[in-house]
Amino acid sequence: MIVGAGPCGLFATFELGMLGMRCDVVDVLDRPGGQCAELYPEKPIYDIPALPDCSGEQLIDNLLLQARPFEPRFHFGLMVEALNRMDDGRWRVRTNDGQCFIAGAVVIAAGSGCFSPRKLPAAGAEMHEGEGLLYAVRERERLRGKHLVVVGGGDSALDWALNLHDIAERLTLVHRRDRFRAAPDTVNKVRALIDTGAMDFRAGAVAELVDDSGQLSGVRLQGGDQVVCDHVLAFFGLSARLGPLTSFGLDMHGDHIRVDTERFATSLDGVYAIGDVCWYPGKLRLILSGFHEAALMAHDVKRRLHPDIRHVFEHSTTAMKEHLGPR
C-alpha cells in the first residue's frame, strides 16, 4: 500500500513492481501527480536526470507510463484515517470512506500532506480568486498577451516570472523588499531582466486588488501606488498538514517522519516513508532524492515480505524483460 500518488509514490510503484509486488495507491486528490499536478503542471523542472527540461505534467505522465506494466490500483479522493497492525504482522489501512486495505507493507509518500496555497492577504482577494487571482498556473497559454503581476520572492514566484515574461504583454514582479529567497541562478536571471527593462519590479506589499465592474484591473500597493494588470499570480508557499498521519505512533521530526537511510523504514515495523514527508540528517527535499529513497525502500520491502526467497539484485535491463518483452 502506498499513501500518496505524487512523483515519489508513482516511482515507488515501478520499483516495487520490478521486484514482483503490485501496489494499491491512495491519494486525497482526484488524480495522480500530487503537487506537480495540482500546483504547477506547466512549470518547468530541470533537475530530473536525463530530462534537461520537463513540465510537472510531463513528469507525471512519464511516471504513469513507466509504472503501467505493473498495473498499480489507484484509489483517489481518499484519506488514510487509521493504521492498525494485525496479529500476522500485516497492516490494516482504513480510509475516510470506511474502506479497509490489508497490506504487507505501507509506504507513506504523502509529500507535505494535505496542502493548500497560502492566500494573498489583500482586500478584494477572495472576490477574484480563481479568475483574476491565481495561486497556480495550469494553463500557461491563457496568460499570453496579458498584463501580469507576480507576487512573491521565493523559487516559485521567480521561476514563474521567468517562465511567463516572454509571453506576457508586461510582467511586474512584486515583493516586499529587493531581496529574494530563490536559487542564486534564478535570482541572477530575474535581476538581468529587470536591469534591461524586460521585467518590472516593485518593492512593497499588495494591499488591495482593484476591481472594475467585477473584473480585476490592477493592484494597489501599500503606500498607494497602483499597478495595472489582468491577472495576479501569488506564490507564498503552501500551508500543509499531515492530518491523521501524525496520530499513527510514528517517530516524528517536527512535521516530518523520521526514517533510517538504509531502508527508509519508520519506527513502525513494516511502515516506510519516502519523499518530502520523511526526514533524516542531510535530507534534501528534491524529487530525485525521493526516487533514490524509493529504490532502497523497495528492496527492503521485498526482503521483508519474502524472507525465504534469495534476494538477487538485478538491473532494470534484466528485470523488465518479462514485462516489456524482447526489443
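Just so you know, these numbers come straight off a predicted model, no measurement behind them. All values below were derived from every heavy atom in this structure, side-chain atoms included, with hydrogens, water molecules and symmetry-related copies excluded.
A salt bridge links R142 to E131: one of the charged nitrogens lies within less than 4.0 Å of a carboxylate oxygen. Between R181 and D155 there is no salt bridge, since none of the side-chain N atoms of the basic residue sits less than 4.0 Å from a carboxylate O of the acidic one. Salt bridge annotation for R304-D300: absent, with no cationic side-chain nitrogen under 4.0 angstrom from a carboxylate oxygen. Between D178 and R191, at least one side-chain nitrogen of the basic residue sits less than 4.0 Å from a carboxylate oxygen of the acidic one, meeting the salt-bridge criterion. Salt bridge present: D200 and R170 bring a charged side-chain N and a carboxylate O closer than 4.0 Å. A salt bridge is defined here as a Lys NZ or Arg NE, NH1 or NH2 lying under 4.0 Å from an Asp or Glu carboxylate O, and K283 with E293 meets this definition.
Ring centroids of F291 and F11 are separated by less than 6.0 Å, placing the two rings close together. The distance between the ring centers of Y280 and H253 does not fall below 6.0 angstrom. Proximity of the aromatic rings of F14 and F70 is defined here by a centroid distance below 6.0 angstrom, and this criterion is met.
Panel note: side chain N163, backbone D159; no donor-acceptor pair is recorded below 3.5 Å. A donor-acceptor pair under 3.5 Å is absent between the side-chain atoms of S289 and the main chain of R285, judged by distance alone. Judged by distance alone, the side chain of E15 and the main-chain N or O of A12 form no donor-acceptor pair under 3.5 Å. In terms of modelled atom types and a separation under 3.5 Å, the side chain of H175 and the main chain of R179 share a donor-acceptor contact.
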One pair to check against side-chain contact (heavy atoms from CB on, under 4.5 Å): L148 and T172. What are the steps and the verdict?
CA-CA 6 Å; L148 306 179; T172 302; over 6 Å; no
Determine, step by step, whether R202 and L221 satisfy the side-chain contact (heavy atoms from CB on, under 4.5 Å) criterion, reporting the C-alpha distance in whole Å, the side-chain angles of both residues, the deciding distance to 0.1 Å, and the verdict. CA-CA 9 Å; R202 303 293 292 274; L221 305 181; 4.0 Å; yes
Practice problem: Before giving the answer on side-chain contact (heavy atoms from CB on, under 4.5 Å), spell out for V106 and L83 the whole-Å C-alpha distance, their side-chain angles and the decisive distance to 0.1 Å. | Solution: CA-CA 9 Å; V106 176; L83 186 64; 3.9 Å; yes
ask   = Do M21 and L305 pass the side-chain contact (heavy atoms from CB on, under 4.5 Å) test, and can you show the C-alpha distance, the side-chain angles, and the key distance before you say yes or no?
value = CA-CA 10 Å; M21 291 169 282; L305 298 185; 4.0 Å; yes
Practice prompt. Show your reasoning for whether salt bridge (Lys or Arg N to Asp or Glu O under 4.0 Å) applies to E126 and K119.
Written response: CA-CA 9 Å; E126 187 174 338; K119 302 301 182 70; over 6 Å; no
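Atom SG of residue C54 and atom CG of residue D61 lie 10.0 Å apart, to the nearest 0.5 angstrom. Once rounded to the nearest 0.5 Å, the distance linking CD1 of I102 with CE of M86 reads 4.0 Å. Here CG of L233 is found 12.5 Å from NZ of K146. Values are rounded to the nearest 0.5 Å. Rounding to the nearest 0.5 angstrom, the gap separating the OH atom in Y272 from the CG atom in D260 is 9.0 Å. In this structure, SG in C8 is found 13.5 Å from CD1 in I108, a value given to the nearest 0.5 Å. Distance check, rounded to the nearest 0.5 Å: CZ of R144 to CD of E169 gives 11.5 Å.
Under a hydrophobic clustering in which Ile, Leu, Val, Met, Phe, Trp and Tyr are joined whenever their side-chain heavy atoms come within less than 4.5 Å, directly or via other members, M297 and L10 fall into the same cluster. Linking ILVMFWY residues whenever their side-chain heavy atoms come closer than 4.5 Å, directly or via other members, leaves L164 and L120 in distinct clusters. Note on F101 and V271: same hydrophobic cluster, where clusters join Ile, Leu, Val, Met, Phe, Trp and Tyr whose side-chain heavy atoms are under 4.5 Å apart, directly or indirectly. Placement of W279 and L250 in two distinct hydrophobic clusters is found when ILVMFWY residues are connected by side-chain heavy-atom separations under 4.5 Å, directly or transitively. Cluster membership check: V150 shares its hydrophobic cluster with V190, using side-chain heavy-atom separations under 4.5 Å among Ile, Leu, Val, Met, Phe, Trp and Tyr.
Closest heavy-atom contact between R22 and R73: NH1-NH1, 3.1 Å. Of all non-hydrogen atoms in L173 and G152, the two that sit nearest each other are CD1-O, 3.6 Å. In plain terms, the two heavy atoms of L133 and A234 that are nearest each other are CD1-CB, 4.2 Å. Residues A182 and L158 approach most closely at CB-CD2, 3.7 Å, considering heavy atoms. Of all heavy-atom pairs between T13 and A67, the closest is OG1-CB, 3.2 Å. Listed here is the closest heavy atom pair of F236 and P121: CE1-CD, 3.9 Å.
A 6.0 Å sphere centred on CD of E139 holds no more than 12 heavy atoms belonging to other residues, nucleotides or ligands.
Here the side chains of M79 and P244 are in contact, with some heavy-atom distance below 4.5 Å. Within the 4.5 Å cutoff, side-chain heavy atoms of Q226 are placed close to those of V210.
Residues passing the side chain to side chain donor-acceptor pair (under 3.5 Å) test with D166 are R140, sequence neighbours excluded. Judged as a side chain to side chain donor-acceptor pair (under 3.5 Å), and not counting sequence neighbours, the contacts of Q99 are D97. Partners of D230 according to the side chain to side chain donor-acceptor pair (under 3.5 Å) rule, which considers only residues two or more places apart in sequence or in another chain, do not exist here.
D269 pairs with exactly one of R263, R90, R85 by the salt bridge (charged side-chain N to carboxylate O under 4.0 Å, His left out) rule, that one being R85.
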